[in-house]
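A quick write-up on the structure given underneath.
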Amino acid sequence: MSTKAQKLKYIEDLVAKCHKCQLYKTATNPVPGQGNPEAKVVFIGEAPGYYEDQQGIPFVGNSGKLLDKLLVKINLSRQDIFIANILKHRPPQNRDPLPQEIRLCTTFLKAQLEIIQPKVIITLGRFAMNYFFPGEYISKVKGQVRKIKWNGLQLTIIPVYHPSAGLRNGAMLQALEQDFQKIGQFLDTL
Ligand code: SF4
């Protein structure tokens, strides 16, 4: 019986070989996701940016530095959590993911979540939020604690703005900080 870590490595290998959409052609490295295979909390972002693409690791650029600061405030570190993106290869010039790319690539994310079996998912930005709540608006649902049944898993999902939005806009940074406080309070109840 393979462990969660071995199963996640298998998904990583599939991502590295994946040619299902065109993004692998312009990317430097795949960014499958990283973190604790036994994590109770999984963070999901949008897609790798420049630094993530260079290093093959999620959230290592400025957004990642902000995310690390927000995590510290709620007593979490990268070692406690797993972080992945909706897309595993960087879209050129960080353009938005296309619906077809999301449809094809999220088979990997779905497999990762089925392996990890987290209790809580924090979606960062609208694309990750829309994966669970299609058609909803991040500005309306951010900070809400929502319980859903998803692929046989009982999940609590808390959508928040993407850290890159917080870097661009002071009001969004404030909202992000407030929503992380809510995340911390919720995790304290578990
Ligand atoms: S972005 Fe996803 S679907 Fe497209 S090639 Fe990369 S791993 Fe495959």
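When a ligand or atom number is given, it counts from 1 through the structure's own listing order.
- Less than 4.0 angstrom separates some heavy atom of Phe108 from each of these atoms of ligand 1: 7 (S).
- Screening the protein for N, O or S atoms under 2.8 Å from atom 6 (Fe) of ligand 1 yields 1; no waters enter the count.
- Ring planes of Trp150 and Tyr131: perpendicular class, angle over 60° (limits at 30 and 60°).
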* Report the C-alpha distance between Arg146 and Gln144 in whole Å, list the side-chain angles of each, state the deciding distance to 0.1 Å, and finish with yes or no for side-chain hydrogen bond (donor to acceptor under 3.5 Å, both in side chains). => CA-CA 6 Å; Arg146 292 183 161 197; Gln144 292 180 1; 2.9 Å; yes
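- Ring planes of Phe43 and Phe180: parallel class, angle under 30° (limits at 30 and 60°).
- Both the sub-6.0 Å distance and the 45° axial angle are not jointly satisfied by Arg126 relative to the ring of Tyr137.
- Using modelled atom types and a 3.5 Å distance limit, the side chains of Gln22 and Lys25 yield a donor-acceptor pair.
- Ile57 forms part of a hydrophobic cluster together with Tyr50, Tyr51, Val60, judged by ILVMFWY side-chain heavy-atom separations under 4.5 Å.
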